Amino acid sequence: MIRKLLIILSVSLLILFIIPACSSGSGDNDAGLDGNSNDGDAGNNGDISDAEDGGVDAGDLVGDPGASDGGDTGADGGADSGADGGADTGADTGGDENTATKELTMWLFSSNNDGEVNFDPDTYPTFATGATVTLTPVPGQNNMFPFWLGFDRADVVDNGDDTYAITMNADKDLMAVFAEIAAIGVEQTGPVNKHGNILYRFDAVAGSEYEIVYADGTADAYVNVAYDEAGEFYGSHVDDYFIEGPGSKTLTAQGSAFYVEVADWGGEYSEGGTFSLTVNGEINGPEINLKDPDLANLMSGATLQLEIDKDGGPAAFVFTIENIGDASLTLEGAAPDFVVISTSDPIAITDQPDAATIVAAGQDTFTATVTPDGSETSYSATFSIDNNDPDSGEDPFTFTLQVSATSPAVEVFSENFEGDGTLTGLDSGNSWVMSADNAVDPLLVDDTGTYDKVQQGIYSARLGTPESTTPDSKEPRTDNDPPGGNEHSGLLVNLTISQNSTMTFWYWVETEDNYDTIWDYLGVFIDGAVLDENKFALTTSDPDHIWRQASVSIPAGTTEIEFKYVKDVNMTEYEDCAWIDSIVVTED
């Protein structure tokens, strides 16, 4: 079973609330990506699972320096001794209803890096005591898996076949780390958000100096730490390579690669954004760097996934071979076939590089053409480029191209809210009207205000309570400025479509933290009714203020689609608003 690490992150959000994330200057022994201030219990959280356990506290994997639970009040029959640091000293007489299992916690604090983990046996997050669990990290496109972090990473055994094993003799604290491949001298840019550190891998020449140059773009971010190939910090302290704002620091490479982490400060209203990171330094000899058709770096051994129209005829994809080294790069295949592939039908090289030699700082291209047969299917081919790059794993440089041939979705409606800032002045020409039961009219807001969120373009639609929707109000809501009871703010459009369709849209919502019941929410009402799955709100397990994409099913025929922010009379938190943008309806 594949568990998305972003989902795993959500499972751990209780811990994120208790332990500050991504704290530079921490006192832990594996700071950085784990983001824990002390990597034990923070404050008096103490025994996270004392209400159920019958022995070792899940919260006490590493003891707190001077923290105290003050005693268990749950199903434990005994009491803690007061000084946290290991097992409860009291005799738990309440028993443990789940003595046959222990929980493996997988925290990922680099959610902007793409990757997945498979578990065997398929019982995550609990496994039988004594069981050996096989972990298979699966890096996403242009990412690689360098190492594990966490208290128990020393317990992980490398099986030598890209899988790892850990024996469940106690609760385990692990973090799967993925890193995006980057090149010396090539600028890297965001985005990054408050729960989304991003890690970059740079090839290096051992003993050479490298300058880490950083500057904020739109993100309030910073360079957090630098790691060696084993996941240990460069320098004597976690702060040694901390860079806040424009600046640089220099490190001496201890091996053939090092890793640089960028993080966001992560305030309550952190929106993330872009930054600039460039590492400059020595490249010993030729250095091949391959860019995919979107000009993104592609690492050797990676898999590139593309989509084409099954009825669209041949599709050509241009790849760029760069030599970012300081000596000539030689393509060593039999001329003129410098790039070879494992299959010639329906994927073929239709334009080879022009020459066998690419000078330092030069580049050349080749073209792969996919000719679909008219059916919905997928094609795959492995590419190989023999060259004289001395780096391990890049001679030959290989990658797999996977192409999905499908029928493109038929778009029947779209709305980006661009125009003159009014519902009657939209470029799309769509006819939107205010909801009939509005207590407050929605606004189209631009991207210039501190709290005005726009997913794309200049404008988005903001729905909310009176104080938060007035044009001059940019401040978050407070308990001293409560909304009226049962307020609504919405807008709607009537669509006539010939077949069942799917509407996707982007939303940003700031509500009170909801528990089992959704009190305040952005709802998508279909012909006046809203399903629970079409209510979007902040929950205690998912507290981020960020843009998210959602989809809603739309039936064939004429349908009234209404976006409405619903606020009850009680608790006020954050801005009590919702923003929507980039609405698209496509036929199923």
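This is a predicted model, so every value here is computed, not measured.
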Novice: Which heavy-atom pair separates Ala550 from Tyr507 by the least distance, and what is that distance?
Specialist: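 Reported closest heavy-atom pair: CB-CE2, 3.8 Å.
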Novice: Treating Asn113 as the side-chain partner and Val177 as the backbone partner, does any N or O pair qualify as donor plus acceptor under 3.5 Å?
Specialist: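 Here the side-chain-to-backbone pair does not exist.
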Novice: Out of the candidates Asn323, Val359, Asp326, only one should pair with Pro286 under the side chain to side chain contact (heavy atoms under 4.5 Å, CB included) rule; please name it.
Specialist: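 Single side chain to side chain contact (heavy atoms under 4.5 Å, CB included) partner of Pro286 among Asn323, Val359, Asp326: Asn323.
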Novice: Can you confirm whether Asp337 is buried at CG, in the sense that more than 12 heavy atoms of other residues, nucleotides or ligands lie under 6.0 Å from that atom?
Specialist: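 Result for CG/Asp337: enclosed.
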Novice: Would you confirm whether Asn159, through its side chain, and Asp161, through its main-chain N or O, come within 3.5 Å as a donor-acceptor pair?
Specialist: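 Such a contact is absent between Asn159 side chain and Asp161 backbone.
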Novice: Report the distance from atom CD of Gln402 to atom OH of Tyr379, rounding to the nearest 0.5 Å.
Specialist: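 Going from the CD atom of Gln402 to the OH atom of Tyr379 covers 14.0 Å.
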Novice: Is the number of heavy atoms from other residues, nucleotides or ligands under 6.0 Å of Glu307 CD greater than 12?
Specialist: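 Counting other residues, nucleotides and ligands, CD of Glu307 stays at 12 neighbours or fewer.
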Novice: Output yes when a side-chain donor or acceptor of Asn388 lies under 3.5 Å from a complementary backbone atom of Thr330, and no otherwise.
Specialist: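 Yes, because the side chain of Asn388 sits within donor-acceptor range (under 3.5 Å) of the backbone of Thr330.
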Novice: For Ala179, is there any backbone N or O sitting under 3.5 Å from a side-chain donor or acceptor partner on Arg201?
Specialist: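 No; judged by distance alone, with no hydrogens or angles, the pair does not exist.
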Novice: So, Ser428 versus Glu415: side-chain donor-acceptor pair below 3.5 Å or not?
Specialist: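 A pair is found: one side chain offers a donor N or O, the other an acceptor, under 3.5 Å apart.
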Novice: Would you confirm whether Thr398, through its side chain, and Phe383, through its main-chain N or O, come within 3.5 Å as a donor-acceptor pair?
Specialist: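 No.
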Novice: Can the ring centroids of Phe258 and Tyr241 be said to lie less than 6.0 angstrom from one another?
Specialist: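 Here the rings of Tyr241 and Phe258 have centres that are no less than 6.0 Å from each other.
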Novice: Tell me, do Pro372 and Val403 make a side-chain contact under 4.5 Å, heavy atoms counted?
Specialist: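 Result no, sub-4.5 Å side-chain heavy-atom pair not found.
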Novice: So, Tyr227 versus Tyr234, ring centres under 6.0 angstrom or not?
Specialist: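 That pair fails the under 6.0 Å test.
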Novice: Quick check: do Val445 and Trp579 have side-chain heavy atoms less than 4.5 Å from each other?
Specialist: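 A side-chain contact under 4.5 Å exists here.
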Novice: Please confirm whether the backbone N or O of Lys453 pairs with a side-chain atom of Ser460, one donor and one acceptor, at under 3.5 Å?
Specialist: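 Confirmed, Ser460 side chain pairs with Lys453 backbone.
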Novice: So, Asn143 and Asp114: side-chain donor and acceptor under 3.5 Å apart, yes or no?
Specialist: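 Not at all, the side chains of Asn143 and Asp114 share no donor-acceptor pair under 3.5 Å.
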Novice: For Ile458, is there any backbone N or O sitting under 3.5 Å from a side-chain donor or acceptor partner on Glu418?
Specialist: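 Yes, Glu418 side chain to Ile458 backbone: donor-acceptor pair under 3.5 Å.
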Novice: Below 4.5 Å, heavy atoms only, C-beta onward: do Phe275 and Tyr222 meet side chain to side chain?
Specialist: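 They are not in side-chain contact.
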Novice: Just wondering, do Tyr214 and Val262 contact through their side chains at under 4.5 Å, heavy atoms?
Specialist: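 Yes; the side chains approach each other to less than 4.5 Å.
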Novice: On a heavy-atom basis, which atom in Ala368 and which in Phe319 lie closest, and how many Å separate them?
Specialist: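 Shortest heavy-atom contact: CB-CE1, 4.1 Å.
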Novice: Closer than 3.5 angstrom, by distance alone: can the side chain of Asp292 be matched with the main-chain N or O of Asp294 as a donor-acceptor pair?
Specialist: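 Answer holds: yes.
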Novice: Please confirm whether the backbone N or O of Ile288 pairs with a side-chain atom of Asp389, one donor and one acceptor, at under 3.5 Å?
Specialist: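 Judged by distance alone, yes, a pair lies under 3.5 Å.
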Novice: Between Ser248 and Glu211, do the side chains contain a donor N or O and an acceptor N or O under 3.5 Å apart?
Specialist: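 Glu211 vs Ser248: donor-acceptor pair found between side chains.
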Novice: Does any N or O in the side chain of Lys249 come within less than 3.5 Å of the main-chain N or O of Asp240, such that one atom is a donor and the other an acceptor?
Specialist: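 The answer is yes, because a donor-acceptor pair under 3.5 Å joins these two groups.
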Novice: Pair Lys310, Thr406 - check side chain to side chain contact (heavy atoms under 4.5 Å, CB included), show working.
Specialist: CA-CA 5 Å; Lys310 71 179 183 64; Thr406 60; 5.9 Å; no
